[in-house]
Amino acid sequence: MSALYQRVAFIGLGLIASSMAHAIRRAGLADNMTGTARSPETRAVAAEIALVDQVCDTAAEAVAGADLVVLCVPVGAMAEVAREIAPHLAQGVTITDVGSVKQAVIDAVAPHLPDHAHFIPGHPLAGTEHSGPRSGFAELFDNRWCILTPPEGADPAALDRLSRFWRGLGANVDLMDAPHHDLVLAVTSHTPHLIAYTMVGVADDLRRVTDSEVIKYSAAGFRDFTRIAASDPVMWRDVFLNNKDATLEILGRFTEELFALQRAIRQGDGDLLHAYFTRTRAIRRGIIEAGQDTDAPDFGRAKTKKTS
Ligand code: NAP
């Protein structure tokens with residue numbers, strides 16, 4: 001594929017930015033990449049592994065001359081970053097972000113941007129529990145969805161170019177309005193993360209099951225909660241603080257269903273439990289049929305070879 005942008009600038013050089021940089025190189029989507037991160041340590045690592053063509057000390061330097069700027073910082077840091085880069089943006093630049101919440105990012109970023117910039121927020125639905133510039137890999141977005149939430153009146157050419165860019169990174173692209181995105185993600189990502197955090201917290205609190213037993217028998221289900229609960233604390237703190245209403249709505253529904261199942265267990269209502277689990281099994285099948293997961297018993301994890 002030929003380059004869609006002359007210069008792509010990353011603000012933040014963690015998992016998502018580094019995966020995008022690798023995927024951009026894989027597909028030849030940009031002539032040049034710049035990037036910056038808050039700490040000198042992260043910038044030094046990015047320079048050492050030549051993640052982008054030029055690692056800059058400031059966001060202002062990084063965005064100079066860029067025709068695409070990608071904000072890859074935690075949601076709570078977006079406003080500050082937008083304020084910092086605004087005076088240095090090139091004419092006609094497209095600004096996008098990868099934040100896991102959309103309406104709060106729009107409210108935080110849009111007021112700072114000059115009229116000549118096209119702001120098209122985005123969210124790739126792909127990630128791992130790892131962070132930092134070394135954690136990225138080119139395949140992260142392959143066959144995953146990227147949701148763009150263009151504001152009303154967004155420039156059609158800028159939107160088309162950004163959509164083609166995400167497809168070039170391997171993703172499928174969908175458009176949504178920001179509030180709907182936030183509700184969908186509260187169901188599919190944010191609330192499940194909170195439940196995983198809670199479950200791991202509960203196991204940690206239980207004194208009748210020892211730590212070594214929890215670890216030894218974790219493959220029975222707990223292990224998958226621990227993977228999710230190992231996700232970056234800053235990122236997830238910001239997600240809940242910034243998608244408060246939708247998450248609270250889904251959590252309310254979750255609590256009601258949990259009480260219903262609790263009552264069915266207490267009353268020995270096997271029919272209710274069976275019907276419930278049959279319905280949830282069909283949802284799992286739908287996810288596999290849509291190519292969003294594998295039905296391998298280990299969820300497609302590479303088997304670790306035992307050496308002893
Ligand atoms: P990450 O690996 O932790 O990297 C975050 C980057 O942001 C780092 O370069 C960090 O710089 C910088 N940063 C942190 N706080 C900052 C601040 N206050 N001001 C300026 N820069 C700051 O994070 P990530 O997983 O790539 O996530 C980035 C964004 O992608 C988040 O908005 C997240 O919601 C979204 N997202 C994440 C996932 C996922 O699964 N991880 C999936 C989809 C979308 P230092 O290293 O110097 O601290």
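Values below: all heavy atoms of this structure, side chains included; hydrogens, waters and symmetry mates excluded. We count ligands from 1, going down the list as the structure has it; atoms in each ligand are counted the same way.
- Ser100 OG, 2.6 Å is the protein heavy atom nearest to atom 34 (O) of ligand 1.
- Using the six-membered ring where Trp is involved, Phe240 and His190 have ring planes that are perpendicular, over 60° apart on the 30 and 60° scheme.
- Protein heavy atom nearest atom 19 (N) of ligand 1, with residue, atom name and distance: Ala77 CB, 3.8 Å.
- Remark: ligand 1 and Leu15 share an N or O pair separated by less than 3.5 Å (distance only, no angle test).
- Atoms of ligand 1 found under 4.0 Å from any heavy atom of Pro124 (numbered from 1 in listed order, with element): 43 (C).
- The nearest protein atom to atom 26 (O) of ligand 1, hydrogens excluded, is given as Ile16 N, 2.9 Å; this is a heavy-atom distance.
- Polar contact with ligand 1: absent for His123 (N/O pair, distance under 3.5 Å).
- Distances below 4.0 Å separate heavy atoms of Ser131 from the following atoms of ligand 1: 2 (O), 3 (O).
- Not a single N or O atom of His130, backbone or side chain, sits closer than 3.5 Å to an N or O atom of ligand 1.
- In terms of heavy atoms, Pro179 sits closest to Gln103 at CD-OE1, 3.6 Å.
- Remark: Arg144 fails to qualify as a cation-pi partner of Phe141 under the 6.0 Å distance and 45° angle criteria applied to the six-membered ring.
- Counting protein heavy atoms under 4.0 angstrom from atom 16 (C) of ligand 1 gives one or more.
- Arg253 CZ: 12 or fewer foreign heavy atoms inside a 6.0 Å radius.
- In terms of protein heavy atoms, atom 8 (C) of ligand 1 is closest to Leu13 N, 3.9 Å.
- Set against the non-hydrogen atoms of Thr42, the atoms of ligand 1 under 4.0 Å away are 45 (P), 46 (O), 47 (O).
- Between Cys72, Gly14, Gly12, Ala126, it is Ala126 that holds the heavy atom closest to atom 42 (C) of ligand 1.
- Among all non-hydrogen protein atoms, the one lying nearest atom 40 (O) of ligand 1 is Gly127 CA, 3.2 Å.
- For the pair Thr34 (side chain) and Ala62 (backbone), a donor-acceptor distance under 3.5 Å is present.
- Between Val81 and ligand 1, not a single N/O pair is under 3.5 Å apart.
- Closest to atom 35 (C) of ligand 1, if we only count protein heavy atoms, is Val98 O, 3.2 Å.
- Cluster annotation: Leu29 is connected to Phe137 through the hydrophobic network of ILVMFWY side chains, with a link wherever side-chain heavy atoms come within less than 4.5 Å.
- Between atom 7 (O) of ligand 1 and the options Ser189, Cys146, Pro74, the minimum heavy-atom separation is to Pro74.
- Remark: side-chain polar atoms of Ser218 are not paired, donor with acceptor, to backbone N or O of Arg223 under 3.5 angstrom.
- Given atom 48 (O) of ligand 1, the protein heavy atom at minimum distance is Arg38 NH2, 2.7 Å.
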In residues 92-100, what donor-acceptor pairs under 3.5 Å come from side-chain atoms, sequence neighbours left out?
unit_1, atom_1, unit_2, atom_2, d
Thr96, OG1, Ile120, O, 2.5
Asp97, OD1, Gly122, N, 3.2
Asp97, OD2, Gly99, N, 2.9
Asp97, OD2, Lys102, NZ, 2.8

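- Salt bridge present: Arg161 and Asp67 bring a charged side-chain N and a carboxylate O closer than 4.0 Å.
- Under a hydrophobic-cluster definition in which Ile, Leu, Val, Met, Phe, Trp and Tyr are linked whenever side-chain heavy atoms come within less than 4.5 Å, directly or via other members, Val200 and Val234 are assigned to different clusters.
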Intermediate values then yes/no, side chain to side chain contact (heavy atoms under 4.5 Å, CB included), Asp174 and Asn172: CA-CA 7 Å; Asp174 245 352; Asn172 307 309; over 6 Å; no
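- Atoms of ligand 1 found under 4.0 Å from any heavy atom of Thr128 (numbered from 1 in listed order, with element): 40 (O), 41 (N).
- A salt bridge is absent between Arg285 and Asp293: the closest approach of a Lys/Arg side-chain nitrogen to an acidic carboxylate oxygen does not fall below 4.0 angstrom.
- Contact annotation: the side chain of Leu159 never approaches that of Asp155 to less than 4.5 Å [non-hydrogen atoms, C-beta and beyond].
- When only interatomic distances are considered, the shortest N/O to N/O separation between Val73 and ligand 1 falls below 3.5 Å.
- Of the N or O atoms in Gly132, one or more lie within a sub-3.5 Å distance of an N or O in ligand 1.
- Heavy-atom contacts of Gly99 reach the following atoms of ligand 1: 32 (O) (cutoff under 4.0 Å).
- Close N/O approach between Asp232 and ligand 1 is not found [any backbone or side-chain N/O within under 3.5 Å].
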